[in-house]
Amino acid sequence: MIKKIEELLINADPASGIIVEDGHLVRFYTVNDKCVINKITHKDEKDSAELIRSHIARLKKIKLDPCYRILHEASYEHLDQELVRNGFGVIDRGVVMALRIENMERELFAFANFYEQGIFSDEGLSDEWIEDYKELLQMDRAYGDIFEKNLKASLEEKMSFGLLQNDRLIAMGYATFIGDYLIINDITVEERYRNLDYGKKLLKAMLIKGLNKGCKVALCDIREEQQIALRLLAKEGFERAYSYQYRGKSI
């Protein structure tokens with residue numbers, strides 16, 4: 001199940017360039033001269049030390065630093081130990097949260113009208129939505145261009161959300177739908193309007209849309225430092241499916 005969820009999350013967060021090598025997916029999508037390497041199978045075709053060396057050699061040619069996503073799960077232990085031996089340090093931590101929504105019809109639809117008031121949603125991610133989203137997040141041009149390119153390259157079904165208060169756009173987010181799964185990619189609220197339940201309204205709207213589309217489970221990948229988001233998800237019934245960390249090294 002962990003492997004399946006990881007693959008779903010990868011598909012929901014598209015990369016502008018991908019290389020598959022011995023059960024690892026090397027994803028080129030970030031700025032700051034880094035990429036992310038995801039282990040997508042539990043089969044070790046190549047010795048971990050040799051695999052790491054081959055990744056470093058390949059990335060060094062294109063001036064990118066490797067960053068491995070290491071799950072707190074038994075099949076990752078050997079790779080994690082080898083990364084430590086090669087000088088890779090922890091640079092970030094996160095958790096995957098999950099909520100079974102297939103039996104929440106009464107709870108969600110009872111509040112549908114209230115939670116969707118002032119919320120606008122649309123199938124897909126329009127150019128106008130993307131521009132507003134980049135502005136709300138104050139993305140610099142380089143990151144914004146990569147973000148837009150990655151989203152438009154994705155073939156997965158997505159839905160955008162926006163929340164207006166007094167004709168002002170104060171919160172946005174988007175979600176991906178893959179089979180039985182609703183993946184909450186992001187919820188962002190303008191700083192001055194945080195802690196006022198606007199994030200909760202967007203989350204509820206996403207869950208309602210997921211239920212309408214026949215989704216059974218909602219997933220959200222959150223960095224450990226995002227305590228407000230983690231508390232919001234926990235209050236809405238989300239539970240930790242598993243945690244992970246990123247190990248990176250400058251090459």
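Qualifying side-chain hydrogen bond (donor to acceptor under 3.5 Å, both in side chains) partners for Ser154, counting only residues two or more places apart in sequence or in other chains: Lys158. Under the side-chain hydrogen bond (donor to acceptor under 3.5 Å, both in side chains) criterion, Lys249 pairs with no residue at all, not counting sequence neighbours. In this structure, the salt bridge (Lys or Arg N to Asp or Glu O under 4.0 Å) partners of Glu157, at least two apart in sequence or on a different chain, are Lys213. Shown here are the salt bridge (Lys or Arg N to Asp or Glu O under 4.0 Å) partners of Glu148, two or more places apart in sequence or in another chain: Lys134, Lys152. When the side chain to side chain contact (heavy atoms under 4.5 Å, CB included) test is applied to Lys149, the partners found at least two apart in sequence or on another chain are Ser16. Applying the side-chain hydrogen bond (donor to acceptor under 3.5 Å, both in side chains) criterion to Asp80, with sequence neighbours excluded, gives Arg247. In terms of the side-chain hydrogen bond (donor to acceptor under 3.5 Å, both in side chains) criterion, residue partners of Glu224 (sequence neighbours excluded) are, by chain and number, Arg240.
Linking ILVMFWY residues whenever their side-chain heavy atoms come closer than 4.5 Å, directly or via other members, places Ile52 and Ile91 in the same cluster. Under a hydrophobic clustering in which Ile, Leu, Val, Met, Phe, Trp and Tyr are joined whenever their side-chain heavy atoms come within less than 4.5 Å, directly or via other members, Ile228 and Tyr193 fall into different clusters. Side-chain heavy atoms closer than 4.5 Å link hydrophobic residues (I, L, V, M, F, W, Y) into clusters, and following such links, even through other members, never connects Val90 to Ile56. Using a 4.5 Å cut-off between side-chain heavy atoms of Ile, Leu, Val, Met, Phe, Trp and Tyr, with links allowed through other members, Leu155 and Ile183 fall into different hydrophobic clusters.
The structure places CD1 of Ile178 at 10.5 Å from NZ of Lys4, a figure rounded to the nearest 0.5 Å. Of the inter-residue distances, the one linking Glu191 atom CD with Leu136 atom CG reads 11.0 Å to the nearest 0.5 angstrom. Note: Asp122 CG to Met159 CE = 7.5 Å, rounded to the nearest 0.5 Å. Annotation: the span from Lys60 atom NZ to Asp65 atom CG amounts to 10.5 Å, rounded to 0.5 Å. In this structure, Leu79 CG and Lys39 NZ are separated by 6.0 Å, a value rounded to the nearest 0.5 Å. Atom OH in Tyr246 sits 10.5 Å away from atom CD1 in Ile70 (nearest 0.5 Å).
The shortest non-hydrogen separation linking Leu137 to Asp186 is CD2-OD2, 4.2 Å. The two residues Cys35 and Leu59 have their closest heavy-atom pair at SG-CD1, 3.6 Å. Heavy atoms only, all atoms of each residue included: Ile101 and Gly210 are closest at CD1-C, 4.2 Å. When all heavy atoms are compared, the tightest approach of Leu71 to Ile2 is CD2-CG2, 3.2 Å. The minimum heavy-atom distance linking Leu232 with Leu203 is given by the pair CG-CD2, 4.1 Å. Minimum interatomic distance between Ile187 and Leu202 (heavy atoms only, all atoms of both residues): CG2-CD1, 3.9 Å.
Residue Gln227 places its CD atom among more than 12 non-hydrogen atoms of other residues, nucleotides or ligands, all under 6.0 Å distant. The number of heavy-atom neighbours closer than 6.0 Å to CD of Glu135, taken from other residues, nucleotides and ligands shown, is 12 or below. In this structure, Ile62 places its CD1 atom where more than 12 heavy-atom neighbours from other residues, nucleotides or ligands lie under 6.0 Å away.
Side-chain contact check for Phe238 versus Ile184: some heavy-atom pair is nearer than 4.5 Å. Side-chain contact between Ile10 and Arg69: absent, with no pair of heavy atoms (C-beta onward) separated by less than 4.5 Å.
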When you look at Glu73 and Tyr242, which way does the side chain to side chain contact (heavy atoms under 4.5 Å, CB included) test go after all the steps? CA-CA 8 Å; Glu73 199 251 344; Tyr242 55 89; over 6 Å; no
Test log, rule side chain to side chain contact (heavy atoms under 4.5 Å, CB included), inputs Val217 and Ile5: CA-CA 11 Å; Val217 176; Ile5 291 176; over 6 Å; no
Apply side chain to side chain contact (heavy atoms under 4.5 Å, CB included) to residues Arg58 and Ile19 and explain how you reach the verdict. CA-CA 11 Å; Arg58 174 172 287 176; Ile19 295 172; 3.0 Å; yes
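For the salt bridge (Lys or Arg N to Asp or Glu O under 4.0 Å) condition, the pairs that include at least one residue of residues 160-174, sequence neighbours left out, are Arg168-Glu190. For the ring-ring contact (aromatic ring centres under 6.0 Å, His included) condition, the pairs that include at least one residue of residues 151-181, sequence neighbours left out, are Trp129-Tyr174, Tyr133-Tyr174. Applying the salt bridge (Lys or Arg N to Asp or Glu O under 4.0 Å) definition to pairs two or more places apart or across chains, those involving residues 84-100 are Glu82-Arg85, Asp92-Arg223, Arg100-Glu102. Under the ring-ring contact (aromatic ring centres under 6.0 Å, His included) criterion, the residue pairs touching residues 79-100 are Tyr68-Phe88, with sequence neighbours excluded. Sorted by first and then second residue, the salt bridge (Lys or Arg N to Asp or Glu O under 4.0 Å) pairs with a member in residues 170-183 form an empty list; sequence neighbours excluded.
For Asn38 (side chain) and Arg27 (main-chain N/O), no donor-acceptor pair under 3.5 Å exists by modelled atom type. With Asn11 contributing its side chain and Glu156 its backbone, the two residues share no donor-acceptor pair below 3.5 Å.
Between the side chains of Glu128 and Ser126, no donor-acceptor pair of N or O atoms lies under 3.5 Å.
Ring orientation note: the planes of Tyr143 and Phe147 are close to parallel, at an angle under 30° on the 30°/60° scale.
Remark: Glu236 engages Lys204 in a salt bridge, criterion side-chain N to carboxylate O under 4.0 Å.
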